[in-house]
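Below you'll find the structure, written out as structure tokens, and then a few comments.
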Amino acid sequence: MKNVKNKRTNILYGQADPLPVMEHFYTLQGEGAWTGEPTYFVRLAGCDVGCHWCDVKDSWTVDENQYYPTTDILSWISETGAKRVVITGGEPSIYDLTLLTDRLHEAGLLVHIETAGPHPLQGSLDWICLSPKKFLPPLSEYYEKADELKIIIYNQHDFKWAEMHAEKCASNCILFLQPEWSKREQVTPMIIDYIKQNPKWRLSQQTHKYLDIP
Ligand code: SF4
């Protein structure tokens, strides 16, 4: 991917080093297949997906002062003793993650990505969590690569949409349905009923929000 700048969001597509970081922190993974695992989160700035229910809208645009060399990112993580890193966003597939993921692997870290998959994946990942969004669908390459499919359920129509994505994934991909946080009281009972009828799915909850873990 060439370095092309989106003037409205300041996103530099294909950028590899330095990378814009919105926030980074060591915590427990709160959702999906690795819930409860100590994990260092690197949230890259910049997202062109535009979910109306997005809970990190501050990540959509990039500020000039958010750029950090990959060596800095590695040193933040190394200081904590973390063994596992999640690269998230924003939308991390905007960037060329080859250098960052190589450096993290050289340091002995396991590297995950959480992505909606709208841009070609650049980098070497140990775990790919694909969370497709209606507003900018994933590229087909993500379905065969995904270790985990996480569908956010906002309303009843989303179950059909979830099945459409699940059909495209590999047979060993773990399938999760997760309530959209603001609708959790309405949709969680619907998800539980649906999973009982369709047991290939599992429930993912945002445990970090229930437990107030940053
Ligand atoms: Fe927000 Fe993620 Fe959707 Fe981007 S893809 S708008 S960061 S929820």
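Just follow the structure's listing: the first ligand is 1, and inside any ligand the first atom is 1. A quick note: this is a predicted structure, and the numbers were derived from the prediction, not measured.
- Applying the 4.0 Å criterion to heavy atoms of V56 picks out, from ligand 1, the atoms 7 (S).
- There is no side-chain donor-acceptor pair under 3.5 Å between T207 and Q205.
- Salt bridge absent: E180 and K133 never bring a charged side-chain N and a carboxylate O closer than 4.0 Å.
- T39 and Q29 form no side-chain donor-acceptor contact under 3.5 Å, judged by distance and modelled atom types alone.
- Here the heavy atom of the protein found nearest to atom 2 (Fe) of ligand 1 is G90 O, 4.2 Å.
- Closest to atom 1 (Fe) of ligand 1, if we only count protein heavy atoms, is C54 SG, 2.3 Å.
- Ranking the protein heavy atoms by distance from atom 4 (Fe) of ligand 1 puts C47 SG, 2.3 Å first.
- The S59 neighbourhood of ligand 1 comprises atoms 7 (S), with distances under 4.0 Å to a heavy atom of that residue.
- A salt bridge does not link D126 with R84: every distance from a Lys NZ or Arg NE/NH1/NH2 to an Asp or Glu carboxylate oxygen is 4.0 Å or more.
- Interface of W60 with ligand 1, defined as ligand atoms under 4.0 Å from a residue heavy atom, comprises 1 (Fe), 6 (S).
- For F41 and H208, the gap between ring centers reaches or exceeds 6.0 Å.
- Using a 4.5 Å heavy-atom cutoff, the side chains of E163 and W201 are in contact.
- The nearest N, O or S atom of C51 is closer to atom 3 (Fe) of ligand 1 than 2.8 Å.
- Ligand 1 is never approached by F135 to a heavy-atom distance shorter than 4.0 Å.
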